[in-house]
Amino acid sequence: MVKMSESEAPRFRYTAELAGEIETRWQAYWADHGTFHAPNPTGDLADPAHPRSGAPKLHVQDMFPYPSGSGLHVGHPLGYIGTDCYTRYKRMAGYNVLHPMGFDAFGLPAEQYAVQTGTHPRTTTEANVQRYRAQLRRLGMAYDERRSFSTTDPEYYRWTQWIFLQIFNSWFDRAAGRARPIDDLVAEFAAGTRETPDGRPWAELSAVERRKVVDGHRLAYVSEAPVNWCPGLGTVLANEEVTPDGRSERGNFPVFQRSLEQWKMRITEYGDRLVDDLEYLDWPEPVKLMQRNWIGRSRGANVDFPVQDDVIPVFTTRPDTLFGATYMVLAPEHALVTRITPEAWPAGTKDAWTGGHATPAEAVAAYRTAAAAKTEEERTADGKVKTGVFTGAYATNPVNGARIPVFIADYVLAGYGTGAIMAVPGQDARDWAFAEVFELPIIRTVAAPEGFEGAFTGDGPAINSDWLDGKDVAEAKAAMIAWLEEHGHGRGATTYRLRDWLFSRQRYWGEPFPIVYDETGLPVALPESMLPVVLPDVDDFSPRTFDPDDADTEPETPLSRKKDWVEVELDLGDGRKTYTRETNTMPQWAGSCWYELRYLDPENNKALVDPENEAYWMGPQRPGDCGGVDLYVGGVEHAVLHLLYARFWHKVLFDLGHISSFEPFRKLFNQGYIQAYAYRDARGVLVPAEEVVERDGRYFHGDTPVAREYGKMGKSLKNVVTPDEMCDQYGADTFRVYEMAMGPLDVSRPWDTRAVVGSQRFLQRVWRLVVDEETATVRVTDEPLDVKTRRALHRVIDGVRGDLDELRFNTAIAKLIELTNVLTPLPTASREAVEPLVLMLAPFAPHLAEELWARLGHGDTLAYATFPEADPAQLVAESITYPVQVNGKVRGRVEVAPDTAQDEVRAAALAAVAEALAGRDPKKVIVVPGRLVSVVV
RNA sequence: GUCCCCGUAUCCCAACGGCAGAGGAAAUGGUCUCAAACACCAUCCAGUGUGGGUUCGAAUCCCACCGGGGACACCA
């Protein structure tokens, strides 16, 4: 098809073939000349002679991809093209632009492929990275290729391991609210300024005891704790990697709670700062909200409720409602349940409370068994109907001595707060629902509005609350906390939903820990000089996996089978000894937790980043600024996981003085997705989307009618379109312009190959404006523009700059098309308009723009040419046409000079609509300068 | 169930509270062609999801509802 047309089209038309030739040539030029190298202030990448050396900086970054085996489809590069257009514009506008790209290359698919085929994951990964690089180069991305890396490069993960050691070798000083070196903690213990856990002097502790105390404070630590064990994957998972219905995010296998010894990171200590510092960030509100939800900070109080000889602490956000606490509920799994359960039902036990059982012990046992058998899904699915059972025990409400029954119920979660609550049905919808089922008293302690039914959770004066009466909720909370603390019944407290980050995985394809164990079984950090700990080759890449439903299994790591690697003889200061290596590997998130920093100084082998380079590219820009990447573009699916972990590591590095910014990404932008239609025939079988045709609004595959559906682009839906196909059929520049012109960057939209031709026609018109299609001669003249066209040109320049600054690429392109359409019919193509047009086109269609720029007689790349600036004098219209409205309807128009006084406009307007007024007196005349005149009669 | 975002022409999308259309696709007609495709020219197409309100004036602001997408979902 394409070939036929080329044989008869004018010889020098801008076809896909010509575009391909131009594109290949300019890609080579850019690579050969290092056109997009960005100079650093210091170190290997410093270059004082660079045209942007010392210029204002701009650091723009994309969320780097995992290089999958199937390569890029047209949806993947949307954000990359967006940042490329933006940074090319900003570079021309005078900024020193850092726009790098790397690869998040550790991860499960390469490992699973290795398990199936025996191919080393490194082989697969490197081949995929090469393919991605080639695809991105073909799209004309202006990356500084010197700054590219994969997280799997030993020279990269050496620093990932180095950061792990920083975290391992520090602790969180709550008084200071920040991380400090672990040596400071040891010094405090030794000096006696900090008490040891059991109160004995530091000197009396044995060496092993001391190490255990210190290890208990490290930000990275090993602990035996309930974790998410996924037998189907053969590994444990972080909470964030488990779906709400209790399955693995990857693979969708069942996940079980098991108590296992694993590495964790003390991210919970940073809960407050991770919430509070969101204020500094220019991020989409939904993402901030998701982070707040995930961290789940609640302020309130812990209150002690005596139950027989025990004291059960509860956490509440509403200490002000304590007088309304009419019963207590423990989670079924709560440790004290058995102890407080008496032998017989006390007098006055209601039938509804016993579940029909003869003794409390029976009732409790039956309820616990039933609750344990339920999955997480079942527990929440029928969440409306409250279930539970009376334990037979009574607690004492500390504020008024009231005797209140203690229940167990599965609406109280063992893992949150203290696993027990005081129930205040008057002010809590869940407690209200439970109280109705179990006929429990309801006492309102906040005055509800007249006629209000149900639990009232709003603000209002306290009632039925003795000395709290009349206070509003906030006052009452504060007063109650003070009272509890004064009388020893409780204290103010803050709880988080966030848990410590499970950091070890039983996988092969990840960063090894820089940790060994000595004869005590305690971890020992390897010194920096031994980094990187290189991932050894093994024969078998798979962790031991199990029947996905078999919870009673134990993880076994691939590295543990490599005995000659695991056992190692080292001198770590105590002479040569045998140590055992840690055989877990780090989770995939590790490499992406800090890559924004390595781009700044990728070849530095003395530090992860030189402080001067970090301060220049990412440091705070003004007092009160958090610093960070100026623009970070990626999908919203990383709202919690990656972005939370990266913020955490960044803050630790900040605390330890390695960097000057305390947030990694100042501005975040979530790009939309390109989705695609898929088609099924009557049997429900997918047919290749490219073979489907539309006739009269219906869709056919051959002669078979097919049904259209809308979804992700992917092999499974048989609707993949690749950028390579688009480059072959139209050229990379056309593809770039099309993706940017389809709509705003943050809006998802369907792919439509048929519509791409519109962008090609546009570029062809621009080409034709400069180059004669028959002779290839340049047809641009030095004749000045006529006055009207000049004004149009400057309006477009002004608009395009404004659009680009706000990432509104679609409207910027529309304005360039508009300008082209204005210039096309003119008898002569004037340089005065064509050159700015070519420069403004450069961010979107860089190859074509470079080619035209060269043909216009410029000897150098336009990457550093000045982006056109509008002449303010040209933006003032020579005359203004005012529509004149009478009662909201346009009844006439007047044309006046731009500087006409309002009175004159008013007079002219009234004259213009005299007929419509028909002699009526205007009640009111509104003149909106430069816009319109509105007459009210 | 709660919260957030979005509903403009056949489709993708524009429009500081001020004449609803910037741009693209499709469709229709034409120029070119032996013919077709490409290219070029022209034409066609909505009163802004629905109902109220504020205003001289509402796609835009407010309220309710409908439809689509997303987040959270016993977190005390």
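So that the names make sense, note that chain A is the first sequence line, chain B the second, and so on, each numbered from 1. Both backbone and side-chain heavy atoms feed into the values below; hydrogens, waters and symmetry mates do not.
- If you check B:C74, B:A39, B:A76 against the side chain of A:R768, the one that comes closest is B:A39.
- Among residues two or more places apart in sequence or in another chain, the salt bridge (Lys or Arg N to Asp or Glu O under 4.0 Å) test is passed with A:R292 by A:E279.
- Across all strands shown, A:A814 has heavy atoms under 4.0 Å from base atoms, whether or not it also approaches the sugar-phosphate.
- Under the salt bridge (Lys or Arg N to Asp or Glu O under 4.0 Å) criterion, A:R11 pairs with no residue at all, not counting sequence neighbours.
- Here the nucleotide nearest the side chain of A:R749, chosen from B:G23, B:A26, B:C12, is B:C12.
- Sequence neighbours left out, not one pair with a member in residues 412-424 of chain A passes salt bridge (Lys or Arg N to Asp or Glu O under 4.0 Å).
- Between the P atom of B:G24 and the CZ atom of A:R754 lies a distance of 17 Å, rounded to the nearest Å.
- When heavy atoms are screened at a 4.0 angstrom cut-off, A:S934 is found touching base atoms of the nucleic acid.
- At a threshold of 4.0 angstrom between heavy atoms, the contacts of A:N821 are confined to the sugar-phosphate backbone, with no base atom among them.
- Glycosidic torsion of B:G23 falls outside 90° of 0, placing the base in anti.
- Applying the ring pair (Phe, Tyr, Trp, His ring centres under 6.0 Å) test to A:F762 and every residue at least two apart in sequence or in another chain returns nothing.
- B:C38 and B:G7 have their P atoms separated by 33 Å, with the value rounded to a whole Å.
- With C1' as the reference atom, B:G53 and B:A58 are 11 Å apart, rounded to whole Å.
- Comparing B:A25, B:G18, B:A76 against the side chain of A:V928 picks out B:G18 as the nearest.
- Computed from coordinates, the A:L641 CG to B:A71 P distance equals 13 Å when rounded to whole Å.
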Ring pair (Phe, Tyr, Trp, His ring centres under 6.0 Å) evaluation trace for A:Y327 with A:F434 | CA-CA 10 Å; A:Y327 64 100; A:F434 190 87; 5.3 Å; yes

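- Following rounding to the nearest Å, A:E637 (CD) and B:G70 (C1') show an atom-to-atom distance of 13 Å.
- For the segment residues 490-500 of chain A, the set of residues with a heavy atom within less than 4.0 Å of an atom of RNA chain B comprises A:R497, in numerical order.
- Of the candidates B:A76, B:A39, B:G23, B:A76 carries the atom nearest the A:T316 side chain, counting heavy atoms from C-beta on.
- Counting non-hydrogen atoms under 4.0 angstrom, A:E285 reaches nothing in the nucleic acid.
- When the P atom is compared between B:U50 and B:A9, the two are found 10 Å apart, to the nearest whole Å.
- Distances were taken from every side-chain heavy atom of A:P750 (C-beta onward) to each of B:C4, B:C12, B:A71; the shortest belongs to B:C12.
- Nucleic acid contact for A:R297: none, since no nucleic acid atom lies under 4.0 Å from a heavy atom of the residue.
- Residues passing the salt bridge (Lys or Arg N to Asp or Glu O under 4.0 Å) test with A:R13 are A:E773, sequence neighbours excluded.
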